[in-house]
Amino acid sequence: MNDTHTKLSGWMVLVVGIAFLLLSTVTVWFYRSEKQSIRNRATAQLITIGKLKSAEVSRWRVARLTDADALLESPFLVEGVMRFLASPSEENAAPIRTRFNGIRKYYQYDDVMLVDTRGACVLSLSGEKCLTAKHEQAMNEAMRSRKPTIMEIHATGTMDEPHVGIVAPFFVGSETSPAFSIVLVSNVSKFLYPILRSWPVPSKTSEITLSRIDGDELLFLNNLLYAPDSALKLRIPLTRKEVPSVRAAQGFEGVVQGVDYRGIEVVSYVCHIPDSPWFMVAKQDEVEIFAEWHFRSKIILGFYVLVGLGLLVVGVAVWQRNRNAHYRTLYDY
């Protein structure tokens with residue numbers, strides 16, 4: 001009798017142990033599976049949004065260059081400008097201003113500037129006459145490539161908000177140097193920045209950052225979610241390789257984990273904007289990504305504890321019943 005009771009107790013311990021092992025294995029597998037599933041969904045979403053935004057920014061740049069290309073195909077504009085440059089009178093300037101106003105109205109630019117062969121602004125709708133180093137760089141590139149060029153985002157002159165200029169070089173006849181250039185000035189706060197600010201799904205921490213290399217630093221080109229006045233001001237050393245934007249500047253493209261400009265852990269999709277010096281990052285805080293998983297993990301842990309306690313209660317009850325049956329048998333015997 002005593003041997004039978006011992007065997008039953010041993011089998012009971014074995015069964016309960018196996019049940020606990022299976023429960024633990026399934027719980028750990030489900031725990032890790034849920035975490036990986038949430039991570040996969042988050043990264044897939046970041047990739048989709050990142051590629052979408054990259055394409056939108058690229059189309060924005062192409063559209064600006066297309067506007068400049070359209071100007072180059074206007075012989076009447078060339079004739080009027082050449083007449084004004086040969087005789088800079090108000091009478092010759094009037095038709096050019098009329099054309100520039102049409103460009104500003106229908107193409108939605110903030111200013112249109114006429115630059116002569118010396119690189120001096122001789123006419124503009126805003127009255128701006130001062131050109132910056134950014135203008136010179138873009139005009140040199142336009143002269144070299146003989147096609148429209150987008151200058152870097154900057155905030156100088158009469159426009160204190162970040163803006164870009166699209167330089168359209170006009171070559172007359174067989175001249176190797178442009179007879180003049182027209183600069184289309186676009187306020188990026190009106191058209192480019194809204195593209196970067198919009199996020200297609202609800203999120204508290206997601207954002208898009210645009211940056212470029214400036215010396216040995218990375219310069220952010222847009223205002224950021226947690227740094228509203230950071231455009232053209234916030235810089236990060238290129239030595240900070242844990243920052244996704246720096247990884248993008250180093251040539252990496254894809255999903256990366258790291259810390260952002262705040263030092264907060266994020267999951268990001270990084271890429272280079274085609275035909276530009278710009279790098280884009282679509283990112284979201286890890287805390288927000290795994291908030292749902294943390295909630296589910298508590299449910300999983302609670303389920304594990306409840307089932308474990310249930311197994312323990314059943315095991316103790318069976319053991320107690322066998323024990324009582326054993327003593328009753330001994331008593332009867």
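We count residues from 1, following the sequence as given. Just so it is clear, the model here is predicted, and its values are computed rather than measured.
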Heavy-atom pair with the smallest gap, counting every atom of [X] and [Y]:
X: I208; Y: N222; value: O-ND2, 3.1 Å
X: L72; Y: P169; value: CD2-O, 3.2 Å
X: L218; Y: A249; value: CD1-CB, 3.8 Å
X: S230; Y: N223; value: N-OD1, 3.2 Å
X: S186; Y: F191; value: OG-CD1, 4.4 Å
X: F100; Y: L77; value: CE1-CD1, 4.3 Å

Is the shortest heavy-atom distance from the side chain of [X] to the side chain of [Y] under 4.5 Å?
X: E152; Y: P277; value: yes
X: Q284; Y: Y269; value: no
X: Y107; Y: L184; value: no
X: D67; Y: I166; value: no
X: I273; Y: S54; value: yes
X: M143; Y: P178; value: yes
X: R64; Y: Y109; value: yes
X: D69; Y: P148; value: yes

Would you say the side chains of [X] and [Y] form a donor-acceptor pair under 3.5 Å?
X: T149; Y: E141; value: no
X: R240; Y: Y261; value: no
X: R99; Y: S74; value: yes
X: D260; Y: Y226; value: no

Relative to each other, are the rings of F279 and H272 parallel, tilted or perpendicular (30° and 60° limits)?
tilted
Any salt bridge linking R83 with E91? Criterion: basic side-chain nitrogen under 4.0 Å from a carboxylate oxygen.
no
Applying a strict under-4.5 Å side-chain criterion to I, L, V, M, F, W and Y, I'd like to know whether M280 and I47 cluster together.
yes
